[in-house]
Q: 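Provided herewith is a single structure, encoded as structure tokens, for subsequent inquiry.
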Amino acid sequence: SAVAQFDPTAVPHPDPDDKSSPAERLAAYVGIMRTVGLDRFVLASDWPALHPPAEYFAIERTAFPVTDAEWTQLRQNRAPYLRAEWTRSR
């Protein structure tokens, strides 16, 4: 399976004439996520843990323009190698 990493804080401006805001670019990315399928995305971070996970996700939730149901799905998605059935099959 393919893996793509996306850091919304590092979205480059491919077009120097693009005047969209970071929030608009993030909304466009969420639109692509919906097209691809939210079940194919896993939340992750390599940022140092400054907050407990629940607090970290609460902060992230305020910035990510998804519905409550979509956010729940994203939080519950797990990488295949973290699922019990995957480890049992190895």
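The chain is numbered in sequence order, starting from 1.
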Q: Give a yes or no on whether W71 and V36 share a hydrophobic cluster (residues Ile, Leu, Val, Met, Phe, Trp, Tyr; joining criterion: side-chain heavy atoms under 4.5 Å apart).
A: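 Shared cluster, yes.
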Q: Could you grab the distance from atom CE of M33 to atom CG of L26, nearest 0.5 Å is fine?
A: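 Between M33 CE and L26 CG, I get 9.0 Å after rounding to 0.5 Å.
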Q: Given the rule that I, L, V, M, F, W and Y join up when any side-chain heavy atoms are under 4.5 Å apart, are I32 and V42 in one cluster?
A: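 No, I32 does not connect to V42 through the hydrophobic network.
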Q: Can D68 and R61 be counted as an ion pair, charged N to O under 4.0 angstrom?
A: yes
Q: Can you name the closest pair of heavy atoms from T62 and I59 and give their distance?
A: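 Heavy atoms of T62 and I59 come nearest at OG1-O, 2.6 Å.
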Q: Identify the two heavy atoms, one from P65 and one from A27, that lie closest to each other, and give their separation to 0.1 Å.
A: CG-CA, 3.9 Å
Q: Decide yes or no for E70 and F41: does some side-chain heavy atom of the first lie under 4.5 Å from some side-chain heavy atom of the second?
A: no
Q: For N77 and R40, run side chain to side chain contact (heavy atoms under 4.5 Å, CB included): C-alpha distance rounded to whole Å, both residues' side-chain angles, the deciding distance at 0.1 Å, then the answer.
A: CA-CA 8 Å; N77 289 347; R40 301 179 61 91; over 6 Å; no
Q: Determine whether V66 and Q73 make a side-chain contact, defined as any pair of heavy atoms from C-beta on separated by less than 4.5 Å.
A: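 They are not in side-chain contact.
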